[in-house]
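Here is the structure we will look at.
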Amino acid sequence: MESDWIEHRRADDGEHVGWMKPVDDGFVAIDLLGRPRTEVVDWLSAEEVLDDLGLRYLAEPHELRLDDGGWLRVRIAEVTPSAVRVKKDDWGDMTAPQIYFTVSLPVTDEQLRPLIR
């Protein structure tokens, strides 16, 4: 998160869904993973994109690039303004070891990407 980013919360429930990054005379909508979701647009358009995006993408499976270059299926466990904490996907097995990794923001597709099915 950059110092000039403006936190955006949905009007209906107050949930934090991203930031508005001021650029020239407009704004870029930034999701909770620090990724731009629009080009430079007006305030209302950026708000609409973030509101429509919501949080659903955080619940989807992702892939994390490991140090050896391979990919590991993970689930997002926590998002803060500085990092994303992901957990090895254990498909709900309560006996599986809990293995976590931390990725700094902004997240790139070379680090963490949505799982392509």
Side-chain angles (χ1 to χ4, degrees):
M1 184 177 124
E2 296 175 16
S3 62
D4 64 341
W5 290 8
I6 303 162
E7 185 178 89
H8 176 67
R9 294 183 174 273
R10 285 189 300 221
D12 60 340
D13 63 4
E15 185 69 43
H16 179 213
V17 293
W19 294 275
M20 313 289 265
K21 177 182 178 180
V23 177
D24 300 324
D25 291 333
F27 300 89
V28 173
I30 306 289
D31 70 16
L32 291 177
L33 301 180
R35 301 175 302 189
R37 292 298 190 134
T38 65
E39 298 295 325
V40 177
V41 295
D42 63 81
W43 178 270
L44 292 177
S45 297
E47 274 188 325
E48 185 176 299
V49 167
L50 291 174
D51 288 348
D52 289 345
L53 181 62
L55 302 174
R56 68 184 171 275
Y57 65 97
L58 299 176
E60 297 297 321
H62 285 71
E63 292 180 306
L64 174 71
R65 184 177 297 276
L66 301 174
D67 291 340
D68 67 4
W71 292 93
L72 176 68
R73 183 182 169 125
V74 297
R75 295 284 182 162
I76 294 174
E78 179 182 17
V79 178
T80 70
S82 61
V84 176
R85 194 164 175 232
V86 297
K87 175 182 166 305
K88 179 181 176 187
D89 195 350
D90 56 19
W91 291 272
D93 181 355
M94 297 300 290
T95 63
Q98 305 286 303
I99 302 171
Y100 290 90
F101 302 87
T102 301
V103 180
S104 298
L105 288 183
V107 173
T108 66
D109 283 340
E110 289 79 36
Q111 299 168 300
L112 183 69
R113 66 185 184 193
L115 180 68
I116 299 170
R117 300 177 193 206

Checklist entry - When hydrophobic residues are tied together by side-chain contacts of less than 4.5 Å, even through go-betweens, does Leu33 share a cluster with Phe27? => result yes
Item to check | Verify same cluster id: Ile76, Tyr100 (apolar side-chain graph, 4.5 Å) | outcome: no
Next on the checklist: Looking at Asp12, I'd like to know if its CG atom is crowded, meaning that more than 12 non-hydrogen atoms belonging to other residues, nucleotides or ligands lie closer than 6.0 Å.
Outcome noted: yes
Checklist entry - What distance separates Leu66 CG from Phe101 CZ, expressed to the nearest 0.5 Å? => result 5.5 Å
Item to check | Residue Glu39 excluded, over 12 heavy atoms near CD under 6.0 Å | outcome: no
Checklist entry - For the atom pair CZ (Arg10) and CG (Asp52), what is the distance rounded to the nearest 0.5 Å? => result 10.5 Å
Next on the checklist: Between Pro61 and Arg73, is there a side-chain heavy-atom distance shorter than 4.5 Å?
Outcome noted: yes
Next on the checklist: Would you say NZ of Lys87 has more than 12 non-hydrogen atoms from neighbouring residues, nucleotides or ligands within 6.0 angstrom?
Outcome noted: yes
Checklist entry - Is the number of heavy atoms from other residues, nucleotides or ligands under 6.0 Å of Asp93 CG greater than 12? => result yes
Next on the checklist: Just verifying a value: how many Å separate Leu64 CG and Lys88 NZ, rounded to the nearest 0.5 Å?
Outcome noted: 12.0 Å
Checklist entry - What heavy-atom pair brings Leu50 and Met20 nearest, and what distance separates the two atoms? => result CD1-SD, 3.8 Å
Checklist entry - Hey, quick one: are Leu44 and Leu53 part of the same hydrophobic cluster, counting side-chain heavy atoms closer than 4.5 Å, chains of contacts allowed? => result yes
Checklist entry - Trp5 vs Trp19 aromatic rings, parallel, tilted or perpendicular, using cut-offs 30° and 60°? => result tilted
Next on the checklist: Measuring from atom CZ of Arg9 to atom CG of Asp51, what distance do you get when rounded to the nearest 0.5 angstrom?
Outcome noted: 12.5 Å
Checklist entry - Among the clusters formed by ILVMFWY side chains lying less than 4.5 Å apart, do Val40 and Val49 turn up in the same one? => result no
Checklist entry - Is the backbone of Arg113 close enough, under 3.5 Å, to the side chain of Asp109 for a donor and an acceptor to pair up by distance? => result no
Checklist entry - If you take all heavy atoms of Asp31 and Tyr57, which pair is closest and at what distance? => result CB-OH, 3.4 Å
Item to check | Single-linkage hydrophobic cluster, 4.5 Å side-chain cutoff, Val17 and Val41 together | outcome: no
Checklist entry - Rounded to the nearest 0.5 Å, what separation is found between the CG atom of Asp42 and the CG atom of Asp25? => result 11.5 Å
Checklist entry - Are the charged groups of Asp89 and Arg75 less than 4.0 angstrom apart, N to O? => result yes
Checklist entry - Say you draw a straight line from OG1 of Thr80 to CG of Leu105; how long is it, rounded to the nearest 0.5 Å? => result 6.0 Å
Checklist entry - Just by modelled atom types, is the Ala46 backbone N or O under 3.5 Å from a matching donor or acceptor in the Thr38 side chain? => result no
Checklist entry - So does Asp67 have more than 12 non-hydrogen atoms from other groups sitting under 6.0 Å from CG? => result no
Checklist entry - When you measure from the side chain of His8 to the backbone N and O of Ile6, does any donor-acceptor pair fall under 3.5 Å? => result no
Checklist entry - Would you say Glu7 has more than 12 foreign heavy atoms packed within less than 6.0 Å of its CD? => result yes
Checklist entry - What is the minimum heavy-atom distance between Lys21 and Ile30, and which atoms define it? => result CB-CG1, 3.9 Å
Next on the checklist: Measuring only between side-chain heavy atoms, which start at C-beta, is Trp71 closer than 4.5 Å to Leu115?
Outcome noted: no
Next on the checklist: Has Arg65 got a side-chain atom pairing as donor or acceptor with Gly69's backbone, closer than 3.5 angstrom?
Outcome noted: yes
Checklist entry - Step by step, would you call Val86 with His62 a side-chain contact (heavy atoms from CB on, under 4.5 Å)? => result CA-CA 9 Å; Val86 297; His62 285 71; 6.0 Å; no
